[in-house]
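Down below is the structure, laid out as structure tokens.
Side-chain atoms are counted along with the backbone in the values below, which use heavy atoms only and exclude waters and symmetry mates.
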Amino acid sequence: MKNFMKIVLLSCAVCVCYLSPQALLAQQCQDEEGIAKDYLKDLNDAVETARKESLNDFEKGYHQKSTLTKLGLALGMVNEVVECLDKASQDSTASKEQVDAYKAQHETYSKLAEKMGTDQKALKGAGDPKAGKAIIEKFDYSK
């Protein structure tokens with residue numbers, strides 16, 4: 001009887017997955033977006049910290065390298081959102097309104113990813129901590 005219940009539950013789970021791929025894709029994109037927002041919040045917190053501290057504290061805390069790392073991680077997550085939204089906008093089962101919403105979000109996150117990539121290159125090219133701090137202070141990833 002226990003094996004029968006396990007088989008029924010597994011069958012139901014499989015049916016739900018196959019019958020509602022659109023809902024799963026939308027949920028996946030929402031999950032990816034939530035994770036990206038968390039990474040962006042962490043990055044914005046690091047930028048605020050860099051703005052408030054002295055150059056000496058900035059150097060001692062290795063904040064240039066940690067901000068560069070956080071920027072790279074956040075950029076990776078934003079790119080994941082872009083990929084997910086790209087897949088969602090190509091979903092043939094989605095309504096026109098949903099596709100339009102996915103495309104709008106895709107455009108927003110694509111621009112953000114482009115800006116973050118440019119900032120990442122600038123920060124990598126910063127020669128000294130003073131230049132790095134000046135570059136970081138210009139970062140703004142709030143939506």
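- Taking OG1 from T118 and CG from L75, the interatomic distance works out to 10.0 Å, rounded to the nearest 0.5 Å.
- Put simply, the side chain of Q105 never gets that close to the backbone of Y102: no donor and acceptor are under 3.5 Å apart.
- Across every non-hydrogen atom of S89 and K103, the tightest pair is CB-CG, 3.9 Å.
- Pairing each heavy atom of D119 with each of Y141, the nearest pair is OD2-OH, 2.5 Å.
- Between the NE2 atom of H63 and the CD1 atom of I136 there is a distance of 9.5 Å, given to the nearest 0.5 Å.
- A salt bridge does not link E114 with K111: none of the charged nitrogens is closer than 4.0 Å to a carboxylate oxygen.
- L68 has its side chain out of reach of Q64: every pair of non-hydrogen atoms, C-beta onward, lies at least 4.5 Å apart.
- With contacts defined as side-chain heavy-atom distances shorter than 4.5 Å, the pair S54/D57 qualifies.
- To the nearest 0.5 Å, atom CD of residue E32 and atom OH of residue Y109 are 11.0 Å apart.
- Between N44 atom CG and D140 atom CG the span is 7.0 Å, to the nearest 0.5 Å.
- Side-chain atoms of T93 and D91 include a donor-acceptor pair closer than 3.5 Å.
- Other residues sharing the hydrophobic cluster of M77, ordered by chain and number and joined by side-chain separations under 4.5 Å: I35, Y39, L73.
- Judged as a salt bridge (Lys or Arg N to Asp or Glu O under 4.0 Å), the pairs with a partner in residues 65-86 (not counting sequence neighbours) are, in order, D42-K70.
- In this structure, NZ in K115 is found 9.0 Å from CZ in F139, a value given to the nearest 0.5 Å.
- Put simply, the side chain of M116 reaches to within 4.5 Å of the side chain of L43, judged on heavy atoms.
- A salt bridge links D45 and K41; the closest N-O separation between the charged side-chain nitrogens and carboxylate oxygens is under 4.0 Å.
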Could you list the donor-acceptor pairs under 3.5 angstrom formed between side-chain atoms of residues 122-134 and any protein atom two or more places apart in sequence or on another chain?
residue	atom	partner	partner atom	Å
D128	OD1	A131	N	3.0
K133	NZ	A50	O	2.7
K133	NZ	E53	O	3.1
K133	NZ	E137	OE2	2.4

